[in-house]
Amino acid sequence: MVHSSRRRIGNKKKGHEPRPNTWRDDRDAPGNQGYREVLKENEKYWQFYKEQNVFPLEQFDEFRAALQRDLPVSFRFQGCHKDREQLIHEMENRFFGKIMEAGDTAVCVPKSLPWYKEAYQTPMSRTAVRSHPILAQLHNFLVTEAELGNLSRQEAVSMIPPLLLAPTSDHYVLDLCAAPGSKTTQLLEMIHENDENPKGMVIANDVDMKRCYMLIHHTLKRFRTAACAVTCEDAARFPQIADNDGGLIQFDRVLADVICSGDGTLRKNPEIWKKWTPQDALGLHRMQIAIARKGAQQLKVGGRMVYSTCSMNPIEDEAVVAQLLRDSKGSLRLMDTSTLLPELKRENGVTSWKVFDRDMKLYTSTEDVTEEKMKKVIVNSLFPPTEEEAREMNLHFTSGSFNQIAMKPGQINQKSQRSGVQIVPFVASPFWGFSRQNQD
Ligand SMILES: C[S@@+](CC[C@H](N)C(=O)[O-])C[C@H]1O[C@@H](n2cnc3c(N)ncnc32)[C@H](O)[C@@H]1O
């Protein structure tokens, strides 16, 4: 199934009224105290992350407190909007001065992110913003501009993968797990940045039909473009696409913002507090590898892929990246991304981790598995590489924030030659992408 966003926009009914003056996700609307009622505790979660070494133990209390705080409000002005600077100016003039004059110490003026100057963040939650008299006016301004397609409300970490991919107007981009589409929009903005009719395009794919609908009718409706097609396919089986001359399209950029346990999104998805166990990640491991592998197969020689999740769990991040590197037999390599977005604070990835099941039983290898039903779950690729293998892979480049993979000549599989590919695994926030070939 392929939808052209131009056809969709062309069919838009005349006189269509803007949606109500509210963010789409209304869980923190007055009267709905959903966030408040959730007990922000999960002993297994804390124990699991204490064992994983993804950050120094002395930072544990800070980590815990950060996850228990409300999600900060963040938004970004759309990259290809001609009047972007003027709009930013208007926002600052109309609201920021008034907020500072009010002298309320509990109020924080949104600040531009050091690594993305068109994006803003305030540590205040949406509920706090909406209940403050001046900030509520700012909120209404943001809602209106979002409806008009001039800005996107998006978590700050979610903005990073497209920035790392940095597509240009002639790039073919594959967004393998795209819905609801905040990164798809950002990628589209980037290919439109200096070109109203770019040669390149974004293929936005998601396996979930309802979420594809949401991507088209909620997200893409605000962005007029003929440079996007939406497909509904299992990313692990994404087909090879032919161009007009029958040649197979290879993508310049691939985003693998994969399905994951979402355990880095506790502030946005509080129900995870109640139900999270280490088993969530175990069940997704093979799918994540399959999607990442398909993305790498669709990548052009010299292209770049970002693998990202919204989990800090090494099983969903480093273990997947390590297996992808093993499978690539030298045709992919991780790149040090420290020169990209230099103002972004980031941590090195880990090279060693522990494998626990639902009951926090520790496995050191597949030989520890006694239960028959766990034999398919506890597989070799869950376990950390040897020190030597980790060093050869540059696995430490994978990071609590993100990292890249560069590329050297080689083969991904017997049927496709690749070289010069870059992969950027992105950890601790939500995202990834891929596609399917005719082969296996
Ligand atoms: C983390 S969300 C993607 C967020 C999205 N990239 C964005 O920025 O808005 C993961 C998405 O993967 C989709 N998904 C899950 N399994 C998939 C599969 N096998 N193939 C393609 N998409 C899949 C889910 O429906 C979900 O929309």
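Each ligand, and each atom within it, is numbered from 1 in the order the structure gives. Not measured: the values here are computed from a predicted model.
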Within-cut-off N or O pair, S182 and ligand 1, under 3.5 Å: yes
Tell me whether E189 is salt-bridged to R84, with the criterion being a basic N under 4.0 Å from an acidic carboxylate O. no
Suppose we screen for salt bridge (charged side-chain N to carboxylate O under 4.0 Å, His left out). Which residues come up paired with K373, at least two apart in sequence or across chains? E371
Considering distance alone, does some N or O of A236 sit under 3.5 Å from an N or O of ligand 1? no
Is it the side chain (CB and beyond), the backbone, both or neither of C310 that lies under 4.0 Å from ligand 1, heavy atoms counted? neither
Among D206, D234, T265, D175, closest by any non-hydrogen atom to atom 19 (N) of ligand 1: D234
Suppose I only count heavy atoms of D208 and a 4.0 Å limit; which atoms of ligand 1 are within that range? 25 (O)
Atoms of ligand 1 less than 4.0 Å from P180 heavy atoms? 9 (O)
Can you name the atoms of ligand 1, numbered from 1 with element, that are less than 4.0 Å from a heavy atom of A235? 18 (C), 19 (N), 20 (N), 21 (C)
So, K274 and E271, do they make that salt bridge, N to O below 4.0 Å? no
Restricting to pairs with a member in residues 140-159, which pass ring-ring contact (aromatic ring centres under 6.0 Å, His included), not counting sequence neighbours? F95-F141
N-O pairing of E41 and R64 below 4.0 Å: yes
Side-chain (Q121) to main-chain (V73) donor-acceptor, under 3.5 angstrom: no
Should you measure from each heavy atom of M287, which atoms of ligand 1 turn up under 4.0 Å away? 19 (N)
Within the structure, does A179 bring an N/O atom to less than 3.5 angstrom of an N/O atom in ligand 1? yes
Evaluation steps, side chain to side chain contact (heavy atoms under 4.5 Å, CB included), between I378 and V355: CA-CA 9 Å; I378 305 293; V355 179; 4.2 Å; yes
At under 4.0 Å between heavy atoms, is it the side chain or the backbone of E233 that contacts ligand 1, or both, or neither? backbone
Can you label the angle between the F55 ring and the F63 ring as parallel, tilted or perpendicular, going by 30° and 60°? tilted
Ligand 1 and S158, any nitrogen or oxygen pair closer than 3.5 angstrom? no
Are any of the N/O atoms on G181, whether in the backbone or the side chain, positioned under 3.5 angstrom from an N/O atom of ligand 1? yes
